[in-house]
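Quick caveat, the model's predicted, so the values are computed rather than measured. The figures that follow rest on heavy atoms only: side chains count, while hydrogens, waters and symmetry mates do not.
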Amino acid sequence: MSISLADAKRTAELAKLEFDTSELSLFVEQFQKVLDHFESIQEAKTNHVEPLYQPVSQQETPMRSDKVERQMQQGDALRAAPSKERGHFRVPRVID
Amino acid sequence: MLDILTSSLTQLHKHIQNRTVSVSEICQVFLDRIAEVDERVRAFVNIDSDAVLKRAMEIDLKLQKKDFQVDRFTGIPIALKDVIVTLGQKTTCGSKMLEGYIPPYDATVVERLKAKGAIVLGKTNCDEFAMGSSTENSAFFVTRNPWDLERVPGGSSGGSAACVAAFEAPVALGTDTGGSIRQPAAFCGIVGLKPTYGRVSRYGLVAFASSLDQIGPLTRSVEDAASTLSLLAGPDPRDSTCLELDSIDFAANLNGDISDLRIGVARDWIDSVRDPDTRKALEKAIRILEGSGLTVEDVAFPNQGLSIATYYLVATAEASANLARYDGVRFGYRSTPTTDLESMYRKTRSEGFGPEVKRRIMLGTFALSSGYYDAYYKQASKVRRLIREDFLAAFKQVDIILGPVTPTPAFKVGEKTDDPLEMYLSDVFTVSANLAGLPGLSLPTAFTERGLPVGLQLLASHFEEEKLLRAAHFLESELAVEKPSLPIG
């Protein structure tokens, strides 16, 4: 299938990435080549095949008992923050 | 004079246990070697020599007591790929996005190795967020192949492979999502082991593709890989995909009888290899196995031709989700100045990620997006099941599959960087083991006339690392590969 500049722009919007016009055109070109190769998977006979999301099957998600265990302290969680204030992560304006 | 640099892990352990060499002396020898060659190899992104020697001295003090319990890894220096988090020590993932990032915790594998007295020697260079096959996608610099500095060491665990091949470390950890341990091991002439998915905890491994990633060792011998796997493997409640399995000493039965092992040759894979040195090496290994009386038969994988498309749809989709956390809010790079949250997200991600990472995020986002999800991600996940079924069918007839790791030996720096698809296609023999969750090992097999390493790949069924390592150990001693001297000395 064919990829348009509009498809690329929409994908970039979803991925929260920005490209200038020439970057986006190059991306579309490379993307098209890769997608053309990927078309081969449409030939596979998958009518009655369930998707496989985990390569090694587990019976069920392992659970633990509901009791408080060791956890990261607030100071440690904030230490790498680009900006912080009064125990919070500080970010630019959220609401217009 | 004891040659510490070329000693196996067992030999180093004996020196330490017998107190014939101190841990400080061992670490100093490796630090000196790094100082001597790493300006040319560029395997490491971060080393804290003071911390290494301080830790070594602490262990030497404990060793003064005769009754101090010396474990197999006590005092052993290990290099770690820089996608594995280390408490208080920079972890960059080869990316501007995490250039100064200092993690507040150790990965489970790091906790395990520290608990046994091993020492973190340093962090090794890699393709950005483990995305790549040459280490050329690192945001910082390109690691060089110690066998030919004009060539790549492979990727994404290029730094780990290069430092072990260059004797800068006796062992290193890498990660393998689509071949990123096995391929650089083959390019650098060392052993690389990807465990079964779920064998080793991924807690503290910066996620690329959560259903494909595995941590594993890069070493100069199969025995060293086996003992390192024993150190790494084990259940972890902090990684729900890490299974409760019996603890095994993988190095205990390496010399065991192999007559029970049936070998399957991936004939179609071998026939598709055009490089004559690679084909010659594979045929030599097959003849050795046939000559030792083992059952050797061809096995086929009907869906192999779809493996690259399947892998690059599944892996990029998972990556697009895993890399959504890099938004400049809680850690890592943040673009400044920005006027609002949305533009901060977009600018941070566009400035912090390199081109290959952005390419894969875009591919993955597209494959998951409305209108395309069924045709791409869901279809690829169905084909993934078919690929796994091909292997399960083969493993009803055979115990070990033998095939190539890479279509060629190491290529030159810059040779494949213009064409992303060409780079992706070079992973053709490694990605299917990740899709199916199988354990795989890359074994040095030969050297080309130009002195470049050639490896072969062995695969086993889920959780059959014991068989895999036993077969690899046998082939390793039969092949008895004579390594030329390194050009770097």
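- Annotation: maximal heavy-atom pairing with chain A below 4.5 Å, among B/Y312, B/F463, B/Y424, occurs at B/Y312.
- Your options are B/S343, B/S240, B/S320, and the one with the most heavy-atom pairs under 4.5 Å with chain A is B/S240.
- Heavy atoms only, all atoms of each residue included: B/P104 and A/M72 are closest at CG-CE, 3.7 Å.
- Distance alone, capped at 3.5 Å, is enough to place a donor-acceptor pair between the A/Q32 side chain and the A/I3 backbone.
- For chain B, the nearby part of A/L35 is the side chain; its heavy atoms alone come within less than 4.5 Å.
- In summary, the side chains of B/R202 and B/Q214 do not present any donor paired with an acceptor at a separation below 3.5 Å, with no hydrogens or angles considered.
- Heavy atoms closer than 4.5 Å to chain A are found in the side chain of B/Y101, but not in its backbone.
- In terms of heavy-atom pairs under 4.5 angstrom with chain A, the leader among B/V314, B/D419, B/I102 is B/D419.
- Seen from the ring of B/F353, B/K358 does not count as a face-on cation partner, given the 6.0 Å and 45° thresholds.
- Contacts with chain B were tallied for A/V94, A/I95, A/D76, A/V91; A/V91 has the most, counting heavy-atom pairs under 4.5 Å.
- Annotation: maximal heavy-atom pairing with chain A below 4.5 Å, among B/R349, B/E351, B/M362, occurs at B/M362.
- Using a 4.5 Å cut-off between heavy atoms, A/L78 does not touch chain B at all.
- When each of B/F331, B/Y197, B/Y333 is scored by its heavy-atom pairs under 4.5 Å with chain A, the top score falls to B/Y197.
- Here the closest non-hydrogen pair linking B/D390 and B/F301 is OD2-C, 3.6 Å.
- Highest contact tally toward chain A, considering only B/L243, B/N303, B/L363, B/L323, is held by B/L363 [criterion: heavy-atom pairs under 4.5 Å].
- B/D82 CG to B/Q89 CD: the interatomic distance, rounded to the nearest 0.5 Å, is 8.0 Å.
- With a threshold of 4.5 angstrom between heavy atoms, A/Q73 does not approach chain B through any atom at all.
- Side-chain atoms of B/D327 and B/T348 include no donor-acceptor pair closer than 3.5 Å.
- Contacts of B/F395 classified as ring-ring contact (aromatic ring centres under 6.0 Å, His included), with partners at least two apart in sequence or in another chain: none.
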- Chi angles and distances behind the side chain to side chain contact (heavy atoms under 4.5 Å, CB included) call for B/E356, B/F129: CA-CA 10 Å; B/E356 181 60 34; B/F129 287 106; over 6 Å; no
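- By a heavy-atom distance cut of under 4.5 Å, A/S40, A/I41, A/Q42, A/A44, A/K45, A/T46, A/V49, A/E50, A/P51, A/L52, A/Y53 are the residues of residues 40-53 of chain A near chain B, going up by number.
- Classification of A/R64 and A/E69 as a salt-bridged pair holds, one side-chain N sitting under 4.0 Å from a carboxylate O.
- Heavy atoms closer than 4.5 Å to chain B are found in the backbone of A/R90, but not in its side chain.
- Note that the CD atom of A/E18 and the CG atom of A/L24 stand 11.5 Å from one another [nearest 0.5 Å].
- Pairs engaging residues 333-342 of chain B under the salt bridge (charged side-chain N to carboxylate O under 4.0 Å, His left out) rule: A/K16-B/E342, B/E342-B/R346 [sequence neighbours left out].
- The main-chain N or O of B/L392 is never found under 3.5 Å from a side-chain atom of B/H462 such that the two would form a donor-acceptor pair.
- Residues of residues 367-377 of chain B that come within less than 4.5 angstrom of chain A, heavy atom to heavy atom, are B/S369, B/S370, B/Y372, B/Y373, B/A375, B/Y376, B/Y377 in numerical order.
- Ionic pairing of B/R238 and B/E111 is present here: one or more N-O contacts between side-chain nitrogen and carboxylate oxygen are shorter than 4.0 angstrom.
- A distance of 9.0 Å separates OG of B/S211 from CG of B/N434, quoted to the nearest 0.5 Å.
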